[in-house]
Number of protein chains: 2
Amino acid sequence: MHENRPGTARERLLAAALDLFAEHGVSGTSLQMIADRLGVTKAAVYHQFQSKDDIVLAVIHPALERLGPLADHAEAQRGQTARRETVLAGIVDLVVDERKVTTTLSFDPVVKRLVSAHPALRSLHRIRQLLGGSAPDPGSRVRIAVLSGGLIMAGADPAVKGLDDEDFRDHLLAAARRILKG
Amino acid sequence: MHENRPGTARERLLAAALDLFAEHGVSGTSLQMIADRLGVTKAAVYHQFQSKDDIVLAVIHPALERLGPLADHAEAQRGQTARRETVLAGIVDLVVDERKVTTTLSFDPVVKRLVSAHPALRSLHRIRQLLGGSAPDPGSRVRIAVLSGGLIMAGADPAVKGLDDEDFRDHLLAAARRILKG
DNA sequence: GTCTATAAGAAGATAGAC
DNA sequence: GTCTATCTTCTTATAGAC
């Protein structure tokens with residue numbers, strides 16, 4: 001009896017891969033580990049994806065595909081303040097919705113290599129530009145750097161585990177405004 | 001002639017390892033890569049260290065050994081404000097001095113596994129306690145999470161690369177106070 | 001401190017049957 | 001969609017000579 005769990009085989013594979021990436025990192029996760037977690041063999045994994053890089057790209061895709069529209073929407077606002085507010089809200093929504101992906105993979109060396117050759121890299125630069133404006137002074141640059149790292153990694157903190165998405169989003173936005181305002 | 005570069009063989013090995021960990025992550029770095037960078041064989045690496053874990057522990061040791069004294073010094077202050085200021089300054093000094101280690105390895109799955117079985121874990125908890133006080137409300141918990149991630153990862157940001165240590169430290173401390181101050 | 005040589009296993013990936 | 005079997009390469013680690 002093939003009693004499959006919910007979702008397609010592909011979706012179940014991506015969920016298992018993300019869990020394992022979160023625990024062991026991308027390089028520390030083998031295709032064998034992914035196959036074992038699903039109760040299948042490596043060959044079944046290769047039926048769904050051509051390579052390990054393809055699996056990683058598919059895992060980060062839901063997050064990456066939101067970057068372009070987010071940048072578009074923010075750039076359409078009138079005035080730098082409105083643009084910054086819009087991009088900040090969008091980024092916070094993204095890191096809350098996709099916190100497992102962003103905390104686990106944003107700083108993973110394998111992911112950084114793949115993203116550096118990905119179209120979404122442009123959107124990332126646009127978002128960065130919107131957040132920082134043209135930030136020539138060192139103080140602003142450091143604040144943006146702290147904000148970026150803080151927003152991305154906050155979701156990984158044990159002290160935040162209990163919060164539901166709505167509370168997390170509100171407090172994250174408040175913390176972000178503290179860093180930027182003034 | 002064996003024209004050695006500055007430092008002992010052990011020090012050169014640890015510097016090479018840190019460079020490679022920064023680029024490829026711990027799991028993505030093999031002993032062969034470390035040996036190649038030094039122009040020696042794997043066997044020469046095994047003469048200095050018993051295992052790969054030993055190399056990782058030696059790389060993070062300079063950062064870990066500062067945590068205990070930092071916590072001691074902060075806890076010796078009178079008043080919660082003074083304790084928080086002291087721990088904040090100490091943490092900022094640490095992430096500035098050791099930014100390559102902290103940005104590269106703080107969130108590496110291999111390092112997290114090793115630190116979870118390391119005596120310095122206690123110091124980390126003490127520092128966290130000093131930073132957050134007893135922070136029961138969600139807003140404070142999120143702010144501390146953002147601060148932690150932000151302080152650790154800020155040094156990895158390209159926009160910060162040009163700053164010298166003194167400027168980086170001052171601006172980092174200012175950013176941290178923005179997040180915390182009530 | 002460094003070398004050669006090698007073990008023993010796991011890695012990513014492919015071929016072809018069912 | 002999943003399997004067995006296999007290939008090639010790389011991995012950590014050890015033994016022993018110089």
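A note on names: the letters A, B, ... follow the listed sequences, proteins ahead of strands, and every chain is numbered from 1.
B:Leu38 places its CG atom 15 Å from the C1' atom of C:dC3, with the value rounded to the nearest Å. To the nearest angstrom, C1' of C:dT2 lies 16 Å from CZ of B:Phe49. Here the C1' atom of nucleotide C:dA13 and the CD1 atom of A:Ile34 are 14 Å apart, to the nearest Å.
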Practice item. Assess whether salt bridge (charged side-chain N to carboxylate O under 4.0 Å, His left out) is satisfied between A:Arg141 and B:Asp157, documenting all intermediate values. Key: CA-CA 9 Å; A:Arg141 300 208 309 267; B:Asp157 198 293; over 6 Å; no
Exercise for review: Begin from the C-alpha positions of B:Asp97 and B:Arg169 and carry the test salt bridge (charged side-chain N to carboxylate O under 4.0 Å, His left out) through to its verdict.
Suggested key: CA-CA 9 Å; B:Asp97 293 344; B:Arg169 191 188 63 234; over 6 Å; no
Review point. Would A:Lys112 and A:Asp108 count as a side-chain contact (heavy atoms from CB on, under 4.5 Å) if you check the C-alpha gap in whole Å, the side-chain angles of each, and the deciding distance to 0.1 Å?
Key: CA-CA 6 Å; A:Lys112 285 200 279 188; A:Asp108 187 291; over 6 Å; no
**Study point:** Candidate pair A:Ile179 and B:Val146, rule side-chain contact (heavy atoms from CB on, under 4.5 Å), full reasoning
**Key:** CA-CA 10 Å; A:Ile179 301 178; B:Val146 171; 4.1 Å; yes
Review point. Under the salt bridge (charged side-chain N to carboxylate O under 4.0 Å, His left out) criterion, do A:Arg66 and A:Asp93 qualify, and how do the steps go?
Key: CA-CA 10 Å; A:Arg66 290 176 62 169; A:Asp93 282 346; 5.5 Å; no
Exercise for review: Start with the C-alpha distance between A:Ser148 and A:Arg128, add both sets of side-chain angles, then the distance that settles side-chain contact (heavy atoms from CB on, under 4.5 Å), and finish with yes or no.
Suggested key: CA-CA 9 Å; A:Ser148 301; A:Arg128 186 56 174 259; 3.7 Å; yes
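In the helix from C:dG1-D:dC18 to C:dC18-D:dG1, the end axes, each obtained as the rotation axis mapping the C1' atoms of four pairs onto the next four within a five-pair block, lie 10° apart to the nearest 10 degrees.
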Check your understanding: For every nucleotide of nucleotides 5-18 of chain D, 5' to 3': is a protein heavy atom under 4.0 Å from its base (B), only from its sugar-phosphate (S), or from neither (-)?
Key -> ------SBBBB---
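For the pair A:Thr41 and D:dT2, the criterion of a side-chain N or O lying under 4.0 Å from OP1 or OP2 is not met.
Side chain of A:Lys52 to backbone of A:Thr29: a donor-acceptor contact under 3.5 angstrom is found.
Surrounding CD of B:Gln80 are at most 12 heavy atoms belonging to other residues, nucleotides or ligands under 6.0 Å away.
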